[in-house]
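Step one of this worksheet: look at the structure below.
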Amino acid sequence: MQKTIFITGASSGLGKLTACHFAANGWNVAATMRSPEKETELTQIKNIAIFKLDVTSPTQVREAVAAAINAFGKIDVVVNNAGVGAYGPLEFAKEETIDWQFNVNVKGPIQVIQAFLPHFRENKSGMFINISSFMGVTTAVPVGSLYNMSKFALEGLTEGLYYELKPLGIELRLVEQGGSSGNNFKDAVIWNENPAVTDYDVITNKVKSLMSHTDPELLDDPQIIVDTIYALATKQIQQFRTLVGASGQGLMAMRNSMPIENYLEKMESFFV
Ligand SMILES: NC(=O)c1ccc[n+]([C@@H]2O[C@H](COP(=O)([O-])OP(=O)(O)OC[C@H]3O[C@@H](n4cnc5c(N)ncnc54)[C@H](OP(=O)(O)O)[C@@H]3O)[C@@H](O)[C@H]2O)c1
């Protein structure tokens with residue numbers, strides 16, 4: 001029987017590529033996005049259906065999940081991909097920015113998971129693939145604490161859920177990607193700022209410059225992440241956590257090779 005995948009944040013970057021890849025491999029795809037009226041590419045693909053979904057809206061989550069189940073009968077895999085980044089000194093973070101970071105990256109996946117659980121329990125099967133980051137398993141840059149918080153939280157949520165979902169036949173996977181090309185991530189970043197204070201300028205400017213690079217040598221090809229998601233969904237890979245890409249793997253090797261105090265000092269030295 002043809003399998004079906006449900007993807008959040010399919011309007012660009014990894015979500016869109018994943019939707020195209022699964023459709024090309026014969027899957028049905030429920031591609032969800034905040035503004036379906038702007039979509040022109042996925043609408044041309046026969047086995048993709050598009051649903052409106054802002055993951056911060058509990059009503060839209062319930063409606064999109066119900067509509068996708070109704071359209072396809074059964075959903076096999078859910079990819080919690082929608083994600084955003086708040087960067088800049090925590091001292092200047094507005095409450096609405098903190099809420100935005102947490103609501104999109106953590107509460108959104110929670111609500112999508114809650115909405116799918118009755119369906120997965122009934123089927124005694126189903127898989128959640130949560131798109132994390134190497135920033136979910138290690139820190140790497142200054143002024144990224146809110147993004148780190150959100151992805152560490154997503155990791156804890158996913159690992160903690162394992163115990164209650166395993167007995168029900170429901171599987172969980174984490175994909176920890178590094179920086180990749182072909183997405184809108186850096187353009188959507190909200191920067192915490194206070195022009196009256198210059199104390200954080202040196203490190204903030206270094207992080208801004210790091211994030212602005214587009215050198216393909218430094219960024220992973222997003223297809224390797226899509227291939228990993230496909231291998232997880234089709235159970236060719238059965239790992240709970242998969243770290244994808246050269247940059248993340250290099251960082252984790254360094255992180256695991258020394259005590260945390262040495263790692264923090266080493267990383268900090270790159271930004272002073
Ligand atoms: N790019 C990187 O370097 C990188 C590195 C590690 C991890 N990641 C993670 O990879 C995932 C995909 O990001 P990407 O790189 O493909 O960046 P992207 O092109 O910016 O994609 C992010 C997607 O999330 C959607 N989104 C934002 N807020 C949303 C909301 N409230 N409800 C529903 N969808 C929302 C965006 O939709 P709109 O078009 O409506 O804004 C977009 O489709 C994210 O979880 C990100 O944290 C990215």
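Within the 4.5 Å cutoff, the side chain of V141 has no heavy atoms near those of the K206 side chain. Side-chain contact between L219 and H213 is present, with at least one heavy-atom pair separated by less than 4.5 Å. Considering only heavy atoms from C-beta on, Q101 stays 4.5 Å or farther from I190 through its side chain.
Judged as a salt bridge (Lys or Arg N to Asp or Glu O under 4.0 Å), and not counting sequence neighbours, the contacts of E171 are R173, K235. Here T43 pairs with nothing under the side chain to side chain donor-acceptor pair (under 3.5 Å) rule; sequence neighbours left out. Every residue meeting the ring-ring contact (aromatic ring centres under 6.0 Å, His included) condition with Y147, not counting sequence neighbours, appears here in chain and number order: Y87, F185. Taking Q239 as the reference, T242 meet the side chain to side chain donor-acceptor pair (under 3.5 Å) condition, with sequence neighbours excluded. Taking E268 as the reference, nothing meets the side chain to side chain donor-acceptor pair (under 3.5 Å) condition, with sequence neighbours excluded. Partners of K74 according to the salt bridge (Lys or Arg N to Asp or Glu O under 4.0 Å) rule, which considers only residues two or more places apart in sequence or in another chain, are D76. In terms of the salt bridge (Lys or Arg N to Asp or Glu O under 4.0 Å) criterion, residue partners of R241 (sequence neighbours excluded) are, by chain and number, E155, E159, E176. With sequence neighbours left out, F152 forms a ring-ring contact (aromatic ring centres under 6.0 Å, His included) with no residue at all.
A donor-acceptor pair shorter than 3.5 Å can be found between the side chains of N105 and S150.
Legend: salt bridge (charged side-chain N to carboxylate O under 4.0 Å, His left out) pairs involving residues 111-126, not counting sequence neighbours: none detected. Applying the ring-ring contact (aromatic ring centres under 6.0 Å, His included) test to every pair with at least one member in residues 253-272, sequence neighbours left out, gives no pairs at all. Within the structure, ring-ring contact (aromatic ring centres under 6.0 Å, His included) pairs that include any residue of residues 103-129 comprise F6-F116, F116-F120, F120-F128 (at least two apart or interchain). For residues 91-111, the set of pairs meeting the ring-ring contact (aromatic ring centres under 6.0 Å, His included) definition, not counting sequence neighbours, comprises F92-Y200.
Contact detail for L251 and A140: the closest heavy-atom pair is CD1-CB, 3.7 Å. Nearest heavy-atom pair across A233 and W27 is CB-CH2, 4.0 Å.
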Take D221 and S180 through the test side chain to side chain contact (heavy atoms under 4.5 Å, CB included) and record every step on the way to the result. CA-CA 6 Å; D221 176 350; S180 57; over 6 Å; no
Would you check, one step at a time, whether the test side chain to side chain contact (heavy atoms under 4.5 Å, CB included) holds for M252 with V137? CA-CA 8 Å; M252 278 315 287; V137 274; 4.0 Å; yes
